[in-house]
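So the structure is just underneath, and the comments pick up after that.
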Number of protein chains: 2
Amino acid sequence: MRLLLAEDDEALVAGLKPALERAGYAVDVATDGVLAQRCADSIDYDLVLLDLGLPRRSGVEVLQHWRSTRKSMPVVVLTARDTWQEKVAVLTAGADDYVCKPFHTEELLARLAAVLKRSTPDMRTPGPLSVAGLSLDEGGQSATLGDGARVELSAIEFRLLRCFMLHPGRVLSQQRLNEHLYDQATDHESNVIEAHITRLRRKIGRDWIQTRRGQGYVFNALAET
Amino acid sequence: MRLLLAEDDEALVAGLKPALERAGYAVDVATDGVLAQRCADSIDYDLVLLDLGLPRRSGVEVLQHWRSTRKSMPVVVLTARDTWQEKVAVLTAGADDYVCKPFHTEELLARLAAVLKRSTPDMRTPGPLSVAGLSLDEGGQSATLGDGARVELSAIEFRLLRCFMLHPGRVLSQQRLNEHLYDQATDHESNVIEAHITRLRRKIGRDWIQTRRGQGYVFNALAET
DNA sequence: GCCGAAGCTGAAACCAGCCTGAAAGCGCAG
DNA sequence: CTGCGCTTTCAGGCTGGTTTCAGCTTCGGC
């Protein structure tokens, strides 16, 4: 889960970024509107947290730019102004949710989860994410196999598997996985992903993740056959 | 767009129902929790507006019932209580949004639109490219034949087929295909294209790609005479 | 019908990309 | 500080997609 936090208030970022990372997101920070726009133009984020009062380019402008270029990632707007007119304006501009400062971190996290649940197919039901006999336990960082066996996952294995389970049947390139697992600071030329895929396969079974040479990996492509 | 308004405050219903209808929704009203549950069990609503303080059965219970029975329509919760704890509780129970009374009708409509935008897979992806029973799945790098059989394609086969499907009925010369599949640096004197055409035909069926001697290939010219 | 050109296709070579075990690096708890 | 487990790197081996090649078939013109 990769997330862009577009916010210029350093104190807020300092508090929020660790909380988001603890919740399992890879967080990029953009401190003004121009940077935010550029970030999301080059990377496919799963979600954007957008402050309206950004320097250089306002949040609304940035949002309109994204929507007019058919970028469709969920955007949650943060703002200090709590008038219903502004809410309407922001939501009709294409935002998915609207949170007023000051807010409690828990509320924000719950809203993010609600928005993501909505935007990713098949995640509408609460409880553990499960696909065809494999289920992921969000709380305990573990997975349960079809036969009931429980498998403990490391942090990265967990995020990797969740990324797969959120996009069953889709080819995920190594680059894409890299972007989702790590934030912009880390620059990998290596085969980290391959290594983790190996470890993950050893734990949950080889067949769940199929490799497509030169393209990436597919989760649970054994729908038929 | 069919919508269930689960609300027992008659004055609120009297004001809200016409506004919703004006906005283009077909509105059913349920005045208590048991009715609301029964309505949504028998009809697939596009969206439910759920008051938390319903008689006979609370909104949270109803919501939990739906989610546990894997009903996945979007639910927007209405409530008078504005504590962040309740927001978190409601959102984690599976609601999609949370609106506090009193609210402005415009704000509610904007939120409904935002929620629906997310939940309908309408414009999320440009849709699979499909021509006369053959469809190309961009996400899964595969093709689906008319009879439902799925065929996995290699990277080059995929690009080749996409090139054909983007120009149905047009003669594409080998040179032209070469330019589309490789960058200009590579200069092929060989019959790579022919080889790939063979492999592609073997996978999707011979008739899709017709050869025009000395000119090139045509996709789907005279769809199966 | 004959002939050359163009296209088809199976087999094999080639090689980029992937797998994986081992070991080094890193961070954290005791 | 030490030990442990997670993460990352590295190198060698392997796999299978891509390309080449050679022999064959098909097509169109004469």
Side-chain angles (χ1 to χ4, degrees), chain A residues 18 21-22 24 26 140-143 151-164 171-219 221, chain B residues 140-143 151-164 171-183 185-219 221:
Chain A
E21 286 170 343
R22 240 176 289 124
Q141 299 257 306
S142 61
V151 173
E152 309 253 331
L153 300 173
S154 75
I156 283 207
E157 286 158 4
F158 182 81
R159 286 198 282 169
L160 187 59
L161 181 55
R162 183 174 55 184
C163 192
F164 274 117
V171 174
L172 301 175
S173 67
Q174 287 202 19
Q175 182 185 344
R176 174 105 195 232
L177 291 170
N178 237 319
E179 288 174 358
H180 280 259
L181 294 183
Y182 306 95
D183 58 28
Q184 58 201 354
T186 55
D187 186 29
H188 285 108
E189 299 292 316
S190 73
N191 64 344
V192 214
I193 298 294
E194 293 166 17
H196 287 299
I197 295 269
T198 296
R199 296 165 59 76
L200 188 56
R201 275 179 176 154
R202 193 175 303 152
K203 286 189 178 179
I204 65 172
R206 187 142 325 238
D207 302 331
W208 290 103
I209 301 169
Q210 206 179 88
T211 127
R212 285 272 217 298
R213 281 207 161 219
Q215 304 177 89
Y217 301 88
V218 190
F219 179 75
Chain B
Q141 301 261 305
S142 61
V151 174
E152 298 186 357
L153 301 172
S154 77
I156 283 203
E157 287 158 3
F158 184 82
R159 284 193 285 169
L160 186 59
L161 180 54
R162 184 174 52 188
C163 191
F164 275 117
V171 176
L172 300 174
S173 67
Q174 287 202 17
Q175 183 185 343
R176 174 99 193 249
L177 291 171
N178 237 320
E179 287 169 0
H180 272 267
L181 295 185
Y182 307 93
D183 55 25
T186 55
D187 187 28
H188 284 107
E189 300 292 318
S190 72
N191 64 343
V192 214
I193 298 295
E194 293 167 14
H196 286 301
I197 295 269
T198 296
R199 294 163 59 75
L200 225 195
R201 277 178 175 155
R202 193 177 303 154
K203 286 190 177 177
I204 66 171
R206 186 144 323 242
D207 302 330
W208 291 102
I209 301 169
Q210 211 176 86
T211 123
R212 285 273 204 288
R213 244 173 189 251
Q215 305 175 74
Y217 300 89
V218 189
F219 178 75

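Chain A is the first sequence line, chain B the second, and so forth, proteins listed ahead of strands; every chain is numbered from 1. Values in this document were obtained by computation on a predicted structure and should not be read as measured data.
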- Item | Closest to the B/R199 side chain, choosing from C/dC19, D/dT7, D/dT18 | D/dT18

- At under 4.0 Å between heavy atoms, what does A/Y217 touch on the DNA or RNA strands: base, sugar-phosphate, or nothing? sugar-phosphate

- Look at all strands and tell whether B/T198 reaches a base, only sugar-phosphate, or nothing, counting heavy atoms closer than 4.0 Å. base

- Task: Using the six-membered ring wherever Trp is involved, compare the ring planes of B/Y217 and B/F164 and label them parallel, tilted or perpendicular (cut-offs 30° and 60°).
- Result: perpendicular

- For B/Y182 and D/dG17, what is the distance between atoms OH and P respectively, to the nearest whole Å? 14 Å

- Note on the structure: In whole angstroms, the gap separating P of D/dT15 from CD of A/E194 amounts to 16 Å

- Query: Does OP1 or OP2 of C/dT9 have a side-chain N or O of B/R206 closer than 4.0 Å?
  - Reply: yes

- With respect to the side chain of A/S154, which nucleotide from C/dC18, C/dT20, D/dC6 is positioned closest? D/dC6

- Item | Considering all heavy atoms, the nearest A/A143-A/L161 contact | CB-CD2, 4.1 Å

- Query: DNA chain D: A/H196 or A/N191, which has the more 5' nearest nucleotide?
  - Reply: A/H196

- Quick one: do B/L160 and B/L153 satisfy side-chain contact (heavy atoms from CB on, under 4.5 Å)? Show the steps, please. CA-CA 10 Å; B/L160 186 59; B/L153 301 172; over 6 Å; no

- Return the value, rounded to whole Å, for the distance between atom CG of A/L153 and atom C1' of D/dG5. 15 Å

- Round to a whole Å and report the spacing from CG of A/L200 to C1' of C/dT20. 15 Å

- Message: Let me spell it out: for each of B/A155 and A/E157, pick the nucleotide of DNA chain D with the closest heavy atom. Which residue's pick is nearer the 5' end?
- Response: A/E157

- side-chain contact (heavy atoms from CB on, under 4.5 Å) between B/C163 and B/L181, intermediate numbers included: CA-CA 9 Å; B/C163 191; B/L181 295 185; 5.6 Å; no

- Query: Heavy-atom count around A/Q175 CD within 6.0 Å, excluding the residue itself: above 12?
  - Reply: no

- Could you tell me whether B/R202 contacts a base, only the sugar-phosphate backbone, or nothing, with contacts defined as non-hydrogen atoms closer than 4.0 Å? sugar-phosphate

- Query: Any side-chain N or O of A/S190 under 4.0 Å from OP1/OP2 of D/dT8?
  - Reply: no

- Message: With a 4.0 Å limit, can you tell me whether A/R212 has a side-chain N or O closer than that to the phosphate oxygens OP1/OP2 of D/dT15?
- Response: no

- Nearest listed nucleotide, side chain of A/T211, among C/dC18, D/dT8, D/dT19: C/dC18

- For A/I209, does its backbone N or O pair with a side-chain atom of A/R201 as donor and acceptor, under 3.5 Å? yes

- Task: Would you mind classifying the nucleic acid contact of A/I156 as base, sugar-phosphate or nothing, using non-hydrogen atoms under 4.0 angstrom?
- Result: sugar-phosphate

- Item | Spacing between B/I197 atom CD1 and D/dT20 atom P, to the nearest angstrom | 16 Å

- Task: Could you tell me the separation between the CD atom of A/E152 and the P atom of D/dC4, rounded to a whole number of Å?
- Result: 19 Å

- Testing C/dG17, D/dT18, C/dA6 for proximity to the side chain of A/R213, the answer is C/dG17

- note: A/R201, atom CZ; C/dC18, atom P; distance rounded to Å ~ 11 Å

- Item | Spacing between A/I193 atom CD1 and C/dG17 atom P, to the nearest angstrom | 16 Å

- At under 4.0 Å, does any side-chain N or O of A/Q174 touch on OP1 or OP2 of C/dC18? yes

